[in-house]
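This report concerns only the one structure given below.
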2 protein chains.
Amino acid sequence: MDATNHRPRQQVSCDACPLRKRQEFRDFSEDELAFMRRFKRGELTIDKGAAILQEGAHTPHLYTVLSGWAFRYKMMRDGRRQIVNYAMPGDMIGLQGSLMGEMQHSVEALSPMTLCVFERAELFGLFTRSPELAYDVTWIASREECMLDENLLTVGRRTAQEKIAYLVVFLWSRSVACGLTGRNVVDITLTQQHVADTLGLSLVHTNKMIRKLAERKLLTWSDGGCRILDLERLRRLAQWDDAIPAKRPFL
Amino acid sequence: MDATNHRPRQQVSCDACPLRKRQEFRDFSEDELAFMRRFKRGELTIDKGAAILQEGAHTPHLYTVLSGWAFRYKMMRDGRRQIVNYAMPGDMIGLQGSLMGEMQHSVEALSPMTLCVFERAELFGLFTRSPELAYDVTWIASREECMLDENLLTVGRRTAQEKIAYLVVFLWSRSVACGLTGRNVVDITLTQQHVADTLGLSLVHTNKMIRKLAERKLLTWSDGGCRILDLERLRRLAQWDDAIPAKRPFL
DNA sequence: CGGGAAATTGACATTAATCAAACTTAGTGG
DNA sequence: CCACTAAGTTTGATTAATGTCAATTTCCCG
């Protein structure tokens, strides 16, 4: 698709970054672009279901999602799993590990993905050479924190049905925020087990509550995913407060 | 206590910062110290129970806790409350608001506090002038994220008794990590309502489970706070995985 | 000593978890 | 094209965990 053919697995240059084009993301100055070109180590293609990072590991890398979806989770020794958040285009993966040493959570792909790869060791260099980009990294970390706060409110205080409503609106809203179509469809292939593990519910109960929301004509579950029937009522049910900024930085 | 007497409410200079002396926190270079002296706007004294920040507000300030404790929480319209984390000496308050514009959570003091005050508008200046300090800010944000992940696991997947055990060990561990005595005492005056709102439990059930842990001789609840009787068993019950770094940056 | 906040308790209601099974779907190999 | 399988979904029955309600008690604090 690009001009340069003969190289195997040719990666997109930062100049042609598919994310930058999207109106949801901010533009880069020429300097920033130049820096990113050097900072970028390569691209990684991941299969659906593959493990991207493992709790306890020390990776030398740091990623930004170029396409696809993943989920971030923690496990207890006896197998209980808690999904803490999802990663979508424009999100960073592994920042925590870069800063704190060891990964405290695992990440797994929910779809085929392509990631932009950076060198963890060079992160400090980014702070040295581009305060703007450093500020963006912090902004991104701060946004993550914001989402986690809300997830915590959901898991701790919403009822099962509200939880599901919240999650659906959350995922839809985020997919819109990174420029994906999402006209009332949450195009993520999610298992009800994923929903359960995100919301702190059992699989069976999750299924029953999804069924109830379907009866109420708020959504449909089909093809291993969720279709929104009545966004407005879902929002109200979840007491959704929109708080998503317009233009956002990335990487 | 300081040499300079006649000024009302004389604040401590960064050179004599009470946190810096503690071995738990990292040292500053002379440059960093110089920068902080200029960055610091003043000190704020807060009463127990006072609101430090309100959800939805736009404050021009950013804080670091010098002494005392606070909790960070979100509320739903119908009054349900979720405490998402606690702030202790060395923690920043309001970073999220600084980066994202509007506060997405509120903060309330659990004890008398003194805060170090910075100008939100100058945060970017910090990134420009000191990459090291900027990196520290990001590190701190990242650590917060790490705690939130674990809290999410707790609220979502631990049972009521495990939750309480977790919270007690968590608070104790954090109080140790910022250099407070905490020899088996969690010196935070917490209400059982706070515990309930942190863990996503009802007040009544929280009380009953605390009682049960007391019967099992794991802890005592007295004087509006918690005393640890058997740290090791609490850890095991909570499946606590220690993951707290030794030397940490602040502010 | 009085009053209010916090803690505690018992009875009861409800939500959600667990267990066990059946069903559906998509993919696979014959 | 048809078993056959595996993963995911759905259901009903039952149990366990947690929430709600309504007092009551304890403990501070002025």
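The chains referred to below are lettered A, B, ... by the order of the sequence lines, with proteins before strands, and numbering in each begins at 1. Reckoned from all heavy atoms, side chains included, excluding hydrogens, waters and symmetry mates.
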Rounded to the nearest Å, what distance is computed from the [atom1] atom of residue [X] to the [atom2] atom of nucleotide [N]?
| X | N | atom1 | atom2 | answer |
| --- | --- | --- | --- | --- |
| B:Arg158 | D:dA17 | CZ | P | 18 Å |
| A:Leu203 | C:dA17 | CG | P | 10 Å |
| B:Leu213 | C:dT8 | CG | C1' | 16 Å |
| A:Arg157 | D:dT20 | CZ | C1' | 13 Å |
| B:Lys48 | D:dC29 | NZ | C1' | 12 Å |

Practice task
May I ask you to test the B:Leu44-B:His61 pair for a side-chain heavy-atom distance under 4.5 Å?
Solution key: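 Result no, sub-4.5 Å side-chain heavy-atom pair not found.
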Problem - Heavy-atom side-chain contact between B:Leu66 and B:Glu43 under 4.5 Å - result: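 Answer yes - side chains close enough.
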Exercise for the section: Give a yes or no on whether A:Asp78 atom CG has more than 12 heavy-atom contacts from other residues, nucleotides or ligands under 6.0 Å away. Expected result: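 It does: A:Asp78 CG has more than 12 such atoms within range.
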Could you go over nucleotides 9-15 of chain C and give all protein N or O partners under 3.5 Å, atom names and distances?
| residue | atom | partner | partner atom | Å |
| --- | --- | --- | --- | --- |
| C:dG10 | N7 | B:Lys208 | NZ | 3.3 |
| C:dA11 | N6 | B:Lys208 | NZ | 3.2 |

Practice task
Could you tell me whether the phosphate oxygens of D:dT10, OP1 or OP2, come under 4.0 Å of any side-chain nitrogen or oxygen in A:Gln192?
Solution key: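 For D:dT10, OP1/OP2 do have a side-chain N/O of A:Gln192 under 4.0 Å.
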Practice task
Give a yes/no on whether any side-chain N or O of B:Gln193 is located under 4.0 angstrom from OP1 or OP2 of C:dA5.
Solution key: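 Checking B:Gln193 against C:dA5: no side-chain N or O falls below 4.0 Å of OP1 or OP2.
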Touch check for [X], heavy atoms < 4.0 angstrom, all strands: base, sugar-phosphate only, or nothing?
| X | value |
| --- | --- |
| A:Ser202 | base |
| A:Gly49 | nothing |
| B:Leu201 | sugar-phosphate |

Practice task
Quick one: which residue pairs count as a side chain to side chain donor-acceptor pair (under 3.5 Å) with a foot in residues 202-214 of chain A, not counting sequence neighbours?
Solution key: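 For residues 202-214 of chain A: A:Gln192-A:Asn207.
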Problem - Heavy-atom closest contact (A:Pro89 atom, A:Phe25 atom, distance) - result: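 In this case the closest contact between A:Pro89 and A:Phe25 is O-CZ, 3.7 Å.
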Problem - Shortest non-hydrogen contact from A:Leu19 toward A:Val65 - result: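 For A:Leu19 versus A:Val65, the nearest heavy atoms are CD1-O, 3.6 Å.
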Handout entry: Nucleotide nearest A:Trp221 (side chain, heavy atoms from C-beta), chosen from D:dT9, C:dT18, C:dA16
Key =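 Selected nucleotide (nearest to the side chain): D:dT9.
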Problem - Residues forming a side chain to side chain contact (heavy atoms under 4.5 Å, CB included) with A:Leu237, sequence neighbours excluded - result: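 A:Glu162, A:Ala165, A:Leu213, A:Arg216, A:Leu218.
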